[in-house]
Every structure is written in C-alpha cells, then in structure tokens.
2 protein chains.
Amino acid sequence: MELSDRKKKILRAVIDNYIETAEPVGSKAIASGLGLSSATIRNEMAELKTMGYLEQPHTSAGRVPTPIGYRVYVNELMERHRMSVAETETINSGLRARMKQLDSLISDAGRLVSTLTSYPAYSMSSRSQKLTAKRFELVHVDDLTFIAVVILSDNTVKNRLIRLMSPLDENDLKRYSMLFNNSFTDKTEDMITPQLVMAAERVTGDENGVIMTVAGFLIEVLSDVQQTFVTGTSHLLSHPEFQDVDKARRVMNYLSDSGEMMKLPVPDQGKNVKITIGPENLAEELKDSSVVVAKYNVDENMQGLIGVVGPTRMDYSKVAAWLAYVANALGFMLSRNDTQFPGIGGRTDNDSIDNKED
Amino acid sequence: MELSDRKKKILRAVIDNYIETAEPVGSKAIASGLGLSSATIRNEMAELKTMGYLEQPHTSAGRVPTPIGYRVYVNELMERHRMSVAETETINSGLRARMKQLDSLISDAGRLVSTLTSYPAYSMSSRSQKLTAKRFELVHVDDLTFIAVVILSDNTVKNRLIRLMSPLDENDLKRYSMLFNNSFTDKTEDMITPQLVMAAERVTGDENGVIMTVAGFLIEVLSDVQQTFVTGTSHLLSHPEFQDVDKARRVMNYLSDSGEMMKLPVPDQGKNVKITIGPENLAEELKDSSVVVAKYNVDENMQGLIGVVGPTRMDYSKVAAWLAYVANALGFMLSRNDTQFPGIGGRTDNDSIDNKED
DNA sequence: TTTAGCACTCTCCTCTTCTGAGTGCCAACC
DNA sequence: GGTTGGCACTCAGAAGAGGAGAGTGCTAAA
C-alpha cells in the first residue's frame with residue numbers, strides 16, 4: 001500500500017502544520033498551500049485516515065497525525081533541517097561557554113541541549129571496563145587527613161578526602177604516592193586484585209590501611225562505568241500536550257528516576273541518530289512521547305548518548321540536526337581531550353540520521 | 001489584639017487539619033477534637049476570620065489559614081517536631097550513601113533533602129573571598145596537552161585540561177609545577193596580580209603562555225564564590241496546590257533560573273532556620289509558596305544555605321527540623337573536611353529555629 | 001457563654017441547549 | 001475520471017439552568 005505523491009504532500013502538510021499549531025488541522029488550512037480545493041483534500045485525508053496515518057480526535061474535528069504517520073514523515077517526508085549559521089553559532093557559543101572541565105562535559109552538554117531545544121534532555125556515557133588510573137597524588141591536609149587525587153586515563157580527575165586512625169606525615173604520604181604511581185597505574189579494575197593490594201601493603205608495612213582505602217576508592221571510580229544526567233524536565237510543562245499535570249508528572253518522574261534509563265532508545269549499529277515515536281518507546285511512561293537521541297563515539301572503548309524527550313508533535317528535523325551536531329562536537333572534544341571546540345562549520349548536514357525504526 | 005487560648009487551639013487545629021487534608025476545614029471537623037460544639041467553633045472561627053488569621057474560599061466553605069495565620073502557627077502554635085530515631089537514621093544513611101567528594105557535597109545534600117521532603121530543594125554555599133590554592137599538579141597528557149589540578153584551601157579539587165601551541169615535555173611541566181607551588185599557593189584572588197604573573201613568566205622564560213593560562217584558570221576557580229544547585233523541582237507537581245500547570249511552571253522556572261536565587265530568604269543573624277510564608281517572600285513568583293531554609297556555618301569565611309520550596313500548606317515543623325539536621329551535618333562535614341558523617345544522635349531538637357519573620 | 005436549629009449561600013455536578021468548525025457525500029463541472 | 005462547490009450532518013465545547021450538599025451566620029433557648 002504505497003502512498004501516492006499527492007498523499008505524501010498532504011500528509012506532510014498536515015504534520016508540518018500540526019507541529020506548528022498543536023491544533024487538529026482541517027482541510028481548508030492546507031488547501032491553499034497545495035493548490036487544491038478543500039473537498040479534494042478531504043477525500044485524500046479520509047483515505048489517509050483509513051490507511052492509519054491520520055486520526056481524528058472526534059468526527060468533526062481536523063486531522064492529527066498518528067505515530068505511524070509521524071514515522072512515515074520522519075523516514076521519508078520531512079525536510080532535512082539544514083542548520084543556519086546563526087544556529088551553529090548559537091550552539092558553538094553555548095559549547096564554548098559551558099564546557100570547562102572534562103568531568104562535567106557530559107552533564108553540561110545535556111544542559112545545553114535542553115536549553116536550546118526547550119525539551120528535557122538526558123545524557124549518558126558509558127565505557128567498556130577499560131578505564132585505568134594514570135597518575136596519583138596524595139595531598140596532605142593534616143596528619144590524620146589527606147586527599148587522594150587520581151587522574152584517569154580519560155583525563156578526568158577524581159578525588160576523595162581520606163581520614164586515618166593514626167597519623168601520617170608528608171613523607172609517608174610521598175612514599176605511598178610513589179607506590180601507587182608505580183603499582184596501580186595502567187591497571188583496569190579487574191587487575192586490582194586483593195593480591196596486588198596485599199603485596200603493596202607488605203612492601204610498605206602499611207598499618208594505617210592507607211593502601212586498602214585508596215585502592216577501594218580507585219576500584220570505585222574505575223568501575224563507575226556509566227554516568228547519566230537529566231536536565232530541564234520542567235520544560236515539558238510549556239507544551240500543550242503536557243497541560244495535564246498527571247501526564248507531565250509521569251514523564252518527569254520517569255526521567256528523574258535514572259534507574260529506568262535503560263529503557264531509553266539507542267541508535268542502531270552504524271547510525272548516529274534514532275527517533276522513536278510514541279508507542280515505539282519501550283518504556284510505558286513514554287508511550288505518548290517521542291525521543292530523539294544521538295550517539296557520539298569517543299574511542300572504541302567509550303561512547304555516549306545525548307537525547308531529548310518531548311511530545312510526539314516535535315520538530316523532529318530540527319531537533320535531530322541539533323542533537324547530531326552537539327553529539328558530534330562532544331565526541332570530538334572528548335576524543336581530543338579538549339574542551340576547546342572550534343566549531344565544525346563544514347559538516348552541518350545530518351546525513352547519517354537513522355530515522356528508520358528498526 | 002491577643003489571641004485567647006481557645007482561639008489558639010482552634011487555629012492550630014484548623015491548620016493541622018488543613019496541612020493534612022488540603023481541604024478547607026469546617027467547624028464540625030474539629031469540634032469533636034476540642035470538646036466544643038460546632039456552633040461555638042463557628043463563632044470563634046468567624047472572629048479569627050475578621051482578625052485575618054483564616055479565610056474562606058467562598059461564603060459557605062470551610063476555613064483556610066491565611067499567611068498571617070500560618071505565621072502565628074509557625075511562631076507560637078506548632079509542636080516542635082522531635083525527630084524519631086528512624087528519621088535520623090534515614091537522614092544519616094542518606095548522608096553516608098551520597099556524600100563522597102567534598103566538591104559535590106553541597107549538591108548531594110540538596111538532592112538528599114529533596115528526596116526526603118518531597119519538595120524541590122536548593123542549596124548554595126558562598127564564601128568571602130579568602131579561598132586560596134594549596135597545591136598544584138600539572139599532569140602530562142601529551143606534549144601539547146596537560147591537566148592543571150589545583151587543590152584549594154577548602155580541600156576541594158578543580159581541574160582543567162589545557163592545550164598548548166608549542167610542545168612541552170614532562171620536565172618543563174615539573175618546573176612549572178614547582179613554580180606554581182612556590183609562587184601561587186596561599187594567595188587569594190586579589191593577590192594574583194599581573195605583576196606576579198609577569199614576574200613568574202620572567203623567571204621561567206615562558207613562551208607558551210602556560211603561566212598565563214594556569215593563572216587565569218586559578219583566578220577563575222578562586223573567584224567562583226558561590227555555587228547554587230536546585231533539585232527535585234518536579235516534586236511540586238504532586239501537591240494539589242500545583243495542579244495548575246501555569247502556577248507550577250512559574251515556580252519551577254523561577255527555581256531553575258538560578259540567576260534569581262538572590263531573592264530567596266536567608267536566616268537572620270544568629271538564627272539557623274528561617275521560614276517565609278507566601279507573600280513574605282520577596283520573589284514575585286513565590287508569593288504563594290513557602291520557603292524553609294537552614295543555614296550552616298563552616299568557618300568564619302564560608303557558609304551555606306539549604307532550603308526547600310513548597311506550598312504554604314507545608315509541614316513546617318517537620319521540614320524545619322529535617323533541614324536543621326541536614327544543615328548541621330553539612331556544616332560538620334565541611335568544617336572537619338570529612339565526608340564521613342557519624343550521626344549526631346544527641347542533638348535532634350531544633351532549639352535554634354528562627355521562626356520569627358523579622 | 002454555649003448550643004441547637006434553621007434559613008441561606010455558594011460550589012460542584014449534571015443536564016440541556018446552542019454554536020461553529022469541519023466533515024462526508026452528492027451532483028455538477030472540466 | 002478526477003475535481004469542485006454545496007449542503008446536511010456531527011460533535012466538542014461554551015453557556016446556562018437546576019439540584020444537591022456542605023457549611024455558614026444568626027437567633028433564640030438552655
């Protein structure tokens with residue numbers, strides 16, 4: 001059951017119009033734009049309705065796209081959004097202004113996307129287990145306290161304040177510091193065995209449990225495989241489809257409850273962007289929202305997602321383009337280990353968008 | 001115009017009841033509890049109404065407390081909430097579970113409070129200018145890149161990835177590192193003058209701008225006087241007074257827009273907790289919400305606030321007690337520089353609550 | 001001073017009516 | 001045969017009317 005060219009045009013006009021107005025669109029509204037009479041449009045619309053692409057809130061209302069309609073729109077009908085210079089500049093300046101520490105890059109990017117799109121954004125990164133420590137510093141605070149600073153192989157920095165039972169002077173700390181730099185760097189989480197820790201303890205005659213404690217901290221940060229951030233949930237409230245508080249709350253709670261993040265969509269192999277529409281979402285709470293998510297690759301061992309959640313009536317084209325751009329920039333910054341992002345003027349088209357559902 | 005004992009009892013009963021049910025309370029509802037007939041209560045209520053402590057949504061509805069009524073309640077009527085063992089244990093375990101790095105202590109505390117109270121929470125800390133650097137580490141990434149790690153006098157750790165124009169080897173980096181540890185530690189922001197930077201540049205013959213860049217980064221973190229975090233705004237939606245999306249959105253936007261934080265209340269000199277009710281709030285957006293905020297002191301040079309925002313119908317007593325407890329713990333952890341919090345079992349009463357409005 | 005009683009008020013619910021946007025379908029037209 | 005104007009029809013939503021019930025204010029009696 002293939003759509004005629006005219007049907008496609010009409011479907012597209014309906015969706016474009018609906019995205020803009022959030023009101024069911026009547027035949028008159030689009031008749032002028034297509035050079036056809038409203039009666040003709042009505043006939044076509046009726047067929048589109050029986051084919052499942054459009055629906056009516058009630059008999060004598062205008063038409064509203066169904067998720068299937070959106071799907072077709074996203075897959076073949078919508079104009080690829082070509083980003084304007086102003087848009088890229090907005091994003092670039094946002095990136096420059098916010099991205100300061102690698103550690104917070106991922107959450108900052110989410111914040112930026114949420115501000116730009118006016119939808120809630122989520123961002124997460126995950127890595128296969130291969131993170132290692134690259135450098136340790138143990139910084140003296142007082143004789144019972146020091147800070148363990150560890151610089152990881154991805155150039156993020158973690159620290160923990162550690163208190164001891166019995167005192168330790170700065171020289172002791174230097175010794176431990178050297179020990180860690182010698183024995184615990186370049187080791188993945190599973191290489192930090194009790195044997196290794198015990199061996200180190202034997203060498204230093206550690207009575208304070210310093211090694212145990214720091215090693216514990218190290219294992220903790222190395223195994224921290226995944227980070228998730230959600231921002232801007234309150235943006236939902238400004239969209240007419242979330243005027244129902246209960247509906248809004250369900251989605252917002254779902255997003256805040258980051259344990260549930262697992263059910264959010266992920267672009268398929270070889271694709272960078274995925275759009276899931278309404279019931280295509282696995283999570284019950286998102287069955288009448290849409291998700292647009294972009295993937296960024298840092299290296300073979302780390303990748304991440306950045307996405308937004310919004311009503312099914314979403315400007316898919318623009319959101320997808322923006323997300324792809326930000327994801328690209330993020331991958332660039334993370335793999336170069338560089339928070340300076342010069343802008344990637346040339347590549348503003350989003351050719352690799354994966355907008356097929358499966 | 002002093003309230004009779006009986007009027008106080010009635011006012012208290014009305015407010016207690018209203019806090020619980022969120023419905024206007026009628027005379028019958030509280031008559032039984034006070035051993036008086038509903039008619040008597042009605043007469044008293046009518047007077048409380050003319051006195052401004054109660055109001056009616058409409059002529060034949062029950063009574064609802066006015067902000068002035070809440071004020072009296074908070075100042076003299078409400079029972080001081082004595083925290084149960086279970087409650088302190090809930091908080092303590094929350095503290096233990098989340099508070100891991102000093103850097104994130106403040107935001108983590110906000111998150112905890114929001115979860116505990118089911119209200120949006122905000123937390124902020126500010127210090128007078130006296131922060132200094134305590135230790136520098138410049139960590140080699142590649143010849144064009146290094147990470148500047150600086151440990152500050154409050155034992156938080158900041159880092160920044162820095163790229164250079166021309167290469168620098170590990171030995172150079174060590175030299176710079178020493179230089180910074182010699183010349184830039186224990187200096188407040190205003191002591192880092194262009195002269196100082198230039199002098200340092202002269203010593204090392206720095207052509208890479210390393211000193212300039214790191215000094216800039218240092219000034220940036222030292223002058224980062226204030227941090228603000230808001231979490232859990234979506235909790236608002238579960239309260240009946242925020243079923244109106246517009247109302248909820250106004251408050252949520254206000255809170256997300258952290259630039260506006262300045263208008264949030266602060267406990268008065270010598271007091272630890274402040275409660276502002278409805279129109280007592282300076283911010284227009286909060287004129288019909290209430291804020292409970294607790295102060296914590298770390299040392300003479302740093303203090304912070306942690307507070308929640310909710311409907312005027314709030315369980316002031318409980319919220320104030322919890323906030324005071326968390327603030328206390330936070331001050332304790334920050335001044336001992338210790339993220340281990342053993343629990344402060346003894347001091348569970350909140351004697352120093354400042355519930356007077358001015 | 002307290003209480004019982006009663007008329008009264010006002011919200012909320014339901015039911016009805018009305019209006020207008022938009023449809024579906026038919027007959028005429030190109 | 002596809003396209004169009006015309007017209008009867010439908011239905012949501014607004015506006016209005018009536019009824020029920022909760023709770024009041026006031027008065028008169030205890």
Student: On DNA chain D, check which nucleotide each of A:Leu36 and B:Ala61 is closest to and give me the residue with the more 5' one.
Tutor: A:Leu36
Student: With a non-hydrogen cut-off below 4.0 angstrom, is A:Ser38 in contact with a base, only sugar-phosphate, or nothing?
Tutor: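 Nothing: the residue A:Ser38, judged by heavy atoms under 4.0 Å, touches no strand.
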Student: For the pair made of CD in B:Glu47 and P in C:dT2, what is the distance, rounded to whole Å?
Tutor: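 To the nearest whole Å, that distance equals 11 Å.
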Student: Run the ring-centre check on B:Tyr119 versus B:His239 and record whether the distance is less than 6.0 Å.
Tutor: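 Between B:His239 and B:Tyr119, which both carry aromatic rings, the centre distance is below 6.0 Å.
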Student: Tell me which of A:Gly62 and B:Ser37 sits closer to the 5' end of DNA chain C, going by the nucleotide each one is nearest to.
Tutor: B:Ser37
Student: Quick check: any donor-acceptor pair below 3.5 Å linking the side-chain of A:Ser60 to the base of C:dT23?
Tutor: no
Student: Please report, rounded to the nearest Å, how far the P atom of C:dT3 is from the CD atom of B:Glu44.
Tutor: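 Taking CD of B:Glu44 and P of C:dT3, I get 11 Å after rounding.
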Student: Going by the rule side chain to side chain contact (heavy atoms under 4.5 Å, CB included), which residues pair with B:Asn281 if we only count those two or more places apart in sequence or in a different chain?
Tutor: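 Listed in chain order: B:Pro265, B:Thr276, B:Leu286, B:Val291.
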Student: Contact class for A:Thr40 (heavy atom, under 4.0 Å): base, sugar-phosphate, or nothing?
Tutor: base
Student: Taking the side chain from B:Lys8 and the backbone from B:Leu77, do they hold a donor-acceptor pair closer than 3.5 Å?
Tutor: no
Student: Students should find this one: the first and last nucleotides of DNA chain D, 5' to 3', lying under 4.0 Å from a heavy atom of chain A. What are they?
Tutor: D:dT3 to D:dA12
Student: Answer with yes or no whether A:Arg63 presents, from its side chain, a donor or acceptor under 3.5 Å of a partner atom in the base of C:dG24.
Tutor: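 Check fails, no donor-acceptor contact within cut-off.
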Student: In whole Å, I'd like the distance from the CD atom of A:Gln56 to the P atom of C:dA21.
Tutor: 17 Å
Student: According to side chain to side chain contact (heavy atoms under 4.5 Å, CB included), who are the partners of A:Lys49, at least two apart in sequence or on a separate chain?
Tutor: A:Gln56, A:Arg63
Student: For B:Arg42 and C:dT2, what is the distance between atoms CZ and C1' respectively, to the nearest whole Å?
Tutor: 12 Å
Student: Yes or no on side chain to side chain contact (heavy atoms under 4.5 Å, CB included) for B:Met314 and B:Ile19, after CA distance, side-chain angles and deciding distance?
Tutor: CA-CA 6 Å; B:Met314 194 195 261; B:Ile19 285 178; over 6 Å; no
Student: Rounded to whole angstroms, how far apart are NZ on B:Lys28 and P on C:dA4?
Tutor: 12 Å
Student: I'd like to know if the side chain of A:Thr312 reaches the main chain of A:Ser290, judged simply by a donor and an acceptor atom lying under 3.5 Å from each other, with no hydrogens or angles considered.
Tutor: no
Student: How many Å lie between CG on A:Leu54 and P on C:dT23, as a whole number?
Tutor: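 The distance from CG of A:Leu54 to P of C:dT23 comes to 11 Å, rounded to the nearest Å.
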Student: Treating A:Thr66 as the side-chain partner and A:Tyr53 as the backbone partner, does any N or O pair qualify as donor plus acceptor under 3.5 Å?
Tutor: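 Side chain of A:Thr66 to backbone of A:Tyr53: a pair is present.
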Student: Taking for each residue the nucleotide of DNA chain C with the nearest heavy atom, is it B:His58 or B:Gly35 whose nucleotide lies nearer the 5' end?
Tutor: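 Checking each residue's closest nucleotide, the 5'-ward one belongs to B:Gly35.
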